[in-house]
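A quick note: this is a predicted structure, and the numbers were derived from the prediction, not measured. Sequence lines set the chain letters: A, B, ... in the order given, protein chains first and strands last, and positions in each chain run from 1.
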2 protein chains.
Amino acid sequence: MSERRKLTLKDIAKDLGISVSTASRALKAHPDIAQETIQMVKDYAAKHNYVPNIIAVNFRKSRTKNIGLIVPELVHHFFSTVISGSIDEAKKSGYNILVSQSNDFLADEIVACKTMMASSVDGLLISISNETYDGDHILEFIDEGKPVIQFDKILEKLPVPKVIVDDFEGGYSATKHLIDQGCKRIAHIAGRKDVLNACERMKGYKKALNDHQIPFKEEYIRYCESISEEEGEQFMEEFLALPNPPDAVFCITDLVALGVIKALKNKGISIPDQIAIVGFSNWKLAEIVSPSLTSIDQHGYQMGVVAVRMLIQKLEDKNFEIPDTLELKTRLVIRDSSVKVKA
Amino acid sequence: MSERRKLTLKDIAKDLGISVSTASRALKAHPDIAQETIQMVKDYAAKHNYVPNIIAVNFRKSRTKNIGLIVPELVHHFFSTVISGSIDEAKKSGYNILVSQSNDFLADEIVACKTMMASSVDGLLISISNETYDGDHILEFIDEGKPVIQFDKILEKLPVPKVIVDDFEGGYSATKHLIDQGCKRIAHIAGRKDVLNACERMKGYKKALNDHQIPFKEEYIRYCESISEEEGEQFMEEFLALPNPPDAVFCITDLVALGVIKALKNKGISIPDQIAIVGFSNWKLAEIVSPSLTSIDQHGYQMGVVAVRMLIQKLEDKNFEIPDTLELKTRLVIRDSSVKVKA
DNA sequence: TTTGTTGATGTATTCGTTTTCATGGATTCC
DNA sequence: GGAATCCATGAAAACGAATACATCAACAAA
């Protein structure tokens, strides 16, 4: 109904008897413009509720103020935390976040990249899929002069800055915590050997054992393929069948730990007294399961914030050099699944 | 490095010795243009990898192809499902989704609306906060000629189309399911009386009781304020203290059901044999808890898809009339927490 | 031949803002 | 008194695509 055409600079100029350029400059308090003129224009603009046409501005500046964000999965506690952080941080500088998901398929990831390119984002944040071993589709952004930052799941060989969690430290502190609880036979259900994050956690695990004179035993190791609850359950059953079963399990992720808990409950084995458990990622479910699950928090929100902040710095100042790798520390969140009552 | 300036229509026109307008029209196969010319231009464009400058196009058409999406909480299983659906659907038509969250505060919601307005979205999808009883900030979009659709949590009095879940039916089928299991004393932990969804579920609950000649008893009703696990636990304890405790509980949400389960486990009461439980929303946790939780699925993904589809239809065709209210049916997902073994 | 019609293309304007490059008056300097 | 220097402003040209309107040839109808 109120078909009021939007007020433009031209309207202001005409009404005030000045030129469009003066109006434009006055609004940004350009030093060339007289103080009174600036006041006059600003007052007029405020009174008539002038708001610059952002589409025109973006066109003029050839930018969109949109930042692309590609994650493997959107309906996922960790990633939605990251998204939440990036949106909040981007908003502060007037940027928007466009989210897309790869479903952990390379093909979808490539499509997502193309879509982002087509909607002409100013820059890209990406956490790669499990299938991504080559980053040509990502490098295209660089070719177009659009900065890119990788986060969490990264392709190490890509010459693109990275924001990651210190998985090594996380693996170390999870394992050390179990050692501190008096555990001697600590198993590890790991992720795929070709996924970087998983390897780092494994390294942390090994280092912690080593630092405390506990021998590493291959029989206490299993590798997940799909990082599922079912795998956790199955591997735990295998561990229980060993002549000398472990007294603790460090799991690559909370979901796997859930499977482990299920297997132990089925056998009537008490957690943590007989077997202590630590997960990784600190998902919502860690609070929810019983017993509640000790886990490693990855500061997803913070990761989103940091990644966006660096990208925007680069966007606003071409000369800004994004640090090559930024590692966030993890945090051990102790809950019931790992704390042995002191005898 | 490759500082290749982007190919524009002007370049094509010059190289081909035609005018810019002919080039433009040829690319969209305008009927005025000769077939050979169309072919020639298209071939050239394909060969030189011409991609129209979307920022210029959007400017010319005064649109952004961005759709705003405001939810109470982003890190939330149901809402991220909705987001996932809307993003996927929007992508099909070349639209982007800009997500923002209100944290269930009115003030944040207003800010989010302003941000959306400032980034000049073409339309808005919104699920209101718990504090929103007045929609002036939402009507502003209508004033600006930008279509709006409410979804899930809606303000009924707002003259703005709504996509909702049939909460009444959900409440009814949850209750009926418990009745079918042979339960006679069915309690309901409800939501706030001033929240529409909660009331509808309550109505469905009452109707189901009534249809099966079970008297409604106020003593079996509790109202949550914050819809928390703690409330579920506390109210369940209150129920247990009754002279004649319920043999089933229908909870406003899965999280509340979780609290109920916790309370029952503490008391050593068996689920579902002594007390059966049904939740609502079918969050991830429903599969995870033990016993797994019977719940009502709200088809979040589908809701996102539908809402976006209608908004886009309106955007592409001003004359399209969005139906005033679209109700999606719920689905009862039966799990262990409610199925009594037949004696 | 003249007029009308159609088909294919070109010209010019527009969208709203920013920015480069004048312009012209006032002041200062020699 | 003329040149140099400011200062404040305006005029105009971008940015890239879409489009209303103009042109002009070829051909058909009269």
> Residues two or more places apart in sequence or in another chain: which of them pass side-chain contact (heavy atoms from CB on, under 4.5 Å) with B:D152?
Replying inline: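 side-chain contact (heavy atoms from CB on, under 4.5 Å) check on B:D152 returns B:F78, B:F79, B:S127, B:N197, B:Q298, B:M303.
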> Would a distance-only check, ignoring hydrogens and angles, find a side-chain to backbone donor-acceptor pair under 3.5 Å from A:T132 to A:I128?
Replying inline: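 Such a contact is absent between A:T132 side chain and A:I128 backbone.
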> Just wondering, are more than 12 heavy atoms of other shown residues or ligands nearer than 6.0 Å to OH in A:Y301?
Replying inline: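 Atom OH in A:Y301 is packed in, count exceeds 12.
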> Which pair of heavy atoms, one from B:M40 and one from B:I18, lies closest together, and at what distance?
Replying inline: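 Smallest interatomic distance, heavy atoms only, reads CE-CG2, 4.2 Å.
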Within less than 4.0 Å of OP1 or OP2 of [N], is there a side-chain N or O belonging to [X]?
{"X": "A:S24", "N": "C:dT18", "value": "yes"}
{"X": "B:K6", "N": "D:dC15", "value": "no"}
{"X": "B:T22", "N": "C:dT9", "value": "no"}
{"X": "B:K28", "N": "D:dA17", "value": "no"}

>> On DNA chain C, does the nearest nucleotide to A:Y50 precede the nearest nucleotide to B:D32 from the 5' side, or the other way round? Give the residue.
In response: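 So the residue in question is B:D32.
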> Are B:V82 and B:V71 close enough, and set up right, to give a side chain to side chain contact (heavy atoms under 4.5 Å, CB included), and what steps lead you there?
Replying inline: CA-CA 9 Å; B:V82 175; B:V71 293; 5.7 Å; no
Whole-Å distance between [N] [atom2] and [X] [atom1]?
{"X": "A:L9", "N": "D:dG10", "atom1": "CG", "atom2": "C1'", "answer": "14 Å"}
{"X": "A:I33", "N": "D:dG10", "atom1": "CD1", "atom2": "C1'", "answer": "10 Å"}
{"X": "B:L7", "N": "D:dC15", "atom1": "CG", "atom2": "P", "answer": "14 Å"}
{"X": "B:R25", "N": "C:dG10", "atom1": "CZ", "atom2": "P", "answer": "9 Å"}
{"X": "B:L27", "N": "D:dT19", "atom1": "CG", "atom2": "C1'", "answer": "15 Å"}
{"X": "A:K10", "N": "D:dA12", "atom1": "NZ", "atom2": "P", "answer": "14 Å"}
{"X": "B:I55", "N": "C:dT17", "atom1": "CD1", "atom2": "P", "answer": "17 Å"}

Can you figure out which of [options] approaches the side chain of [X] most closely?
{"X": "B:I18", "options": "C:dG10, D:dC15, D:dG10", "answer": "C:dG10"}
{"X": "B:S21", "options": "C:dT11, D:dA17, C:dT17", "answer": "C:dT11"}
{"X": "B:A56", "options": "D:dA17, C:dC15, C:dG16", "answer": "D:dA17"}

> Does a donor on one side chain sit under 3.5 Å from an acceptor on the other, for A:S19 and A:T22?
Replying inline: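 Yes, a side-chain donor-acceptor pair sits under 3.5 Å.
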> Regarding A:D122 and A:T64, is there a side-chain donor-to-acceptor distance under 3.5 Å anywhere?
Replying inline: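 There is such a pair between these side chains.
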> Regarding A:K146 and the six-membered ring of A:F141, is the cationic atom NZ or CZ under 6.0 Å from the ring centre and inside 45° of its axis?
Replying inline: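 Judged by the rule, A:K146 and A:F141 form no cation-pi pair.
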>> Whether A:K314 engages the ring of A:F320 as a cation-pi pair (distance to the six-membered ring centre under 6.0 angstrom, angle to the ring normal within 45°) should be assessed.
In response: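 Ring-cation test returns no.
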>> Before you tell me yes or no, could you show the steps for A:K65 and A:I54 under side chain to side chain contact (heavy atoms under 4.5 Å, CB included), namely the whole-Å CA-CA distance, both residues' side-chain angles and the distance that decides it to 0.1 Å?
In response: CA-CA 10 Å; A:K65 281 243 168 185; A:I54 224 192; 6.0 Å; no
> Got a sec? Which of residues 34-45 of chain A come in under 4.0 Å of DNA chain C, heavy atoms?
Replying inline: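 None, since no heavy atom is under 4.0 Å.
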> In residues 58-67 of chain B, which residues come under 4.0 Å of DNA chain C by heavy atom?
Replying inline: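 Contacting residues: B:F59, B:R60.
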> Reckon A:V20 touches a base, only the sugar-phosphate, or nothing at all at heavy-atom distances under 4.0 Å?
Replying inline: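 Base, at least one base atom sits under 4.0 Å.
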